[in-house]
Colleague: 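A single structure is presented below for examination.
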Amino acid sequence: MIGHDPRMHELPVEERCVTVVVAAWNEAAALPLLHPRVQAALAAAEADGLAARVLYVDDGSSDGTWEVLQGLQAQDARVALLRLSRNFGKEAALTAGLDHVTRGAAFIVDADGQDPPELLPAFLAKWREGYDDIHGTRTGRDGEGWLKRASAHLFYRVIGRLSRTPVPRDTGDYRLLSPRALAALRTLRERHRFMKGLFGWVGFRRAAIPYRRGPRVAGASKFDLWKLWNFALEGITSFSTAPLRVATYLGLATALLAFAYAAWVVVKALLWGDRVAGWPSLMAVILLLGGVQLIALGLIGEYLGRLYEEAKQRPLYLVEDWRPPAGVCLPQSPATQGESHAHGTATAGGQVP
Ligand code: UDP
Ligand code: MG
C-alpha cells in the first residue's frame with residue numbers, strides 16, 4: 001500500500017511505530033471493555049507494517065485499575081504500564097504517557113471508550129500523508145447532558161476569541177501526534193498544563209478527522225461542572241492575557257466616568273450650593289469601585305498564582321512503577337520523573353531508545 005499513492009511518503013524505519021496512550025483514573029470497569037477494541041486497532045496498525053503498542057497510565061487509581069491493567073499486560077506483551085505516585089490529573093497523566101513515547105507516533109484515546117480506537121487506521125493514513133497533529137473533531141456528543149454540551153460549545157468559542165494560539169473547536173485530546181510534534185511537545189514543561197492549547201502551540205501540519213463521540217461505556221465522568229469551570233479558567237489564563245487587558249479597560253472606563261461625575265458634582269455645588277444630599281449615589285459609586293477593584297485584584301491574583309506554581313519548578317508527575325512492553329517502541333526504563341527534558345529534539349523526531 002505504501003508508495004503507490006504519490007502523497008504518501010515512506011516513514012523512516014526508526015519511526016515505524018505507534019503507541020496508543022490511555023490515561024486512566026478509576027476505570028476498572030471501562031478498561032476491560034476498551035482493551036479488545038485497542039487490540040483490534042493494534043492489529044490494524046501491524047497489518048499496515050508498523051510496530052504497535054499500548055501504554056496505559058494509571059493516574060493514582062484507588063479502585064483496582066492497576067490490578068486490571070496488570071491482568072491485561074499478562075495476556076498481551078504489547079501492553080506497557082505506567083503508574084503515577086498519586087492522582088495528578090488527566091493533563092499530567094497524559095504528559096507522563098507522552099514522555100514515554102520516545103519512538104514513533106502516539107495516539108491518544110480516553111479510557112472510557114468515548115474516543116473510538118477503531119479510527120486508528122484513518123489517523124495513520126493522515127500521518128503517512130505528512131501531517132503531524134491529526135485531531136478528532138466531534139460532530140456530535142451522545143450521552144452527555146445539554147449543560148455539558150452547551151458549556152463546552154461556549155468554552156471553545158471563548159478561548160478561540162481570546163487566545164492567539166489556535167485551539168480547534170470541538171476537539172479534545174483524541175489525536176495522533178507525529179514524532180516531531182511529540183518531541184516539540186516534550187520541550188514544553190509548564191506546570192499548568194492545558195493540553196489542547198499546548199498541542200495547538202506546537203503547530204506543524206494539522207488535520208482534522210470528524211467523528212461522533214459516543215457515551216461512556218462504563219463508570220461516571222471524572223469532570224463535574226466545577227472541575228470543568230476550573231479547567232476552562234486554566235485554559236484561558238494559560239493561553240491568554242486578555243482578562244488582564246479587560247481589567248485595564250474596565251479600570252479606564254470607570255476612572256473616566258468617575259472624573260466626569262466628580263466634575264459634575266463640583267459644578268453643581270458651585271452653581272446651586274451643596275445641601276448634603278446624594279447618599280445613595282455615594283454608596284453606589286463606592287460599591288461599584290470596590291467591586292471593580294476586587295475583580296481586578298482577583299484577576300491579577302490568578303496570574304500571580306500561576307507564576308508562583310511555575311517558580312517552584314516541581315516535577316509534573318512522579319512515576320511509581322514502569323512496566324515496559326516487550327520489544328521496540330518504548331524505553332526499558334522510565335523516561336523521566338516529569339522534570340525538564342534535554343532540549344534540542346524538537347526537530348529530530350523521537351530519540352531511539
Ligand atoms: N482521567 C485521568 N485523571 C483524572 C481524571 C480523568 O487520567 O484525574 C482520565 C479518565 O480516566 C478518562 C479521561 O481522563 O480516561 C477522560 O475523563 P472523563 O471521561 O471522566 O472526562 P469526560 O469525557 O467526561 O470529559
Ligand atoms: Mg469521558
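All ligand and atom numbering here is 1-based and tracks the order in the structure.
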Colleague: Is there a polar contact, in the sense of an N or O pair closer than 3.5 Å, between Ala93 and ligand 1?
Modeller: no

Colleague: With a 4.0 Å cut-off on heavy atoms, is Glu91 touching ligand 1?
Modeller: no

Colleague: Where on Glu27 is there a heavy atom closer than 4.0 Å to ligand 1, on the side chain, on the backbone, on both, or on neither?
Modeller: side chain

Colleague: Under 4.0 Å from a heavy atom of Arg213: which atoms of ligand 1 are those, numbered in the order shown and with their elements?
Modeller: 23 (O)

Colleague: Compute whether any side-chain donor of one residue and acceptor of the other, for Tyr317 and Asp59, lie under 3.5 angstrom apart.
Modeller: no

Colleague: Do you reckon Phe204 sits in the same ILVMFWY cluster as Phe199, going by side-chain contacts under 4.5 Å, direct or chained?
Modeller: yes

Colleague: Assess, by modelled atom type and distance only, whether the side chains of Glu310 and His192 contain a donor and an acceptor separated by less than 3.5 Å.
Modeller: no

Colleague: Report the name of the N/O/S atom of Asp112 located nearest to the Mg ion (ligand 2).
Modeller: OD2

Colleague: Provide the number and element of each atom of ligand 1 under 4.0 Å from a heavy atom of Ala24.
Modeller: 7 (O), 11 (O)

Colleague: Do the side-chain N and O atoms of Thr95 and Arg193 include a donor-acceptor pair separated by under 3.5 angstrom?
Modeller: yes

Colleague: Applying disulfide bond (SG atoms under 2.5 Å apart), which residue pairs with at least one partner in residues 10-125 are found, sequence neighbours left out?
Modeller: Cys17-Cys329

Colleague: Only one of Arg206, Arg180, Arg175 clears salt bridge (Lys or Arg N to Asp or Glu O under 4.0 Å) with Asp132; which?
Modeller: Arg180

Colleague: Answer with side chain, backbone, both or neither: which part of Asn87 has a heavy atom less than 4.0 angstrom from an atom of ligand 1?
Modeller: side chain

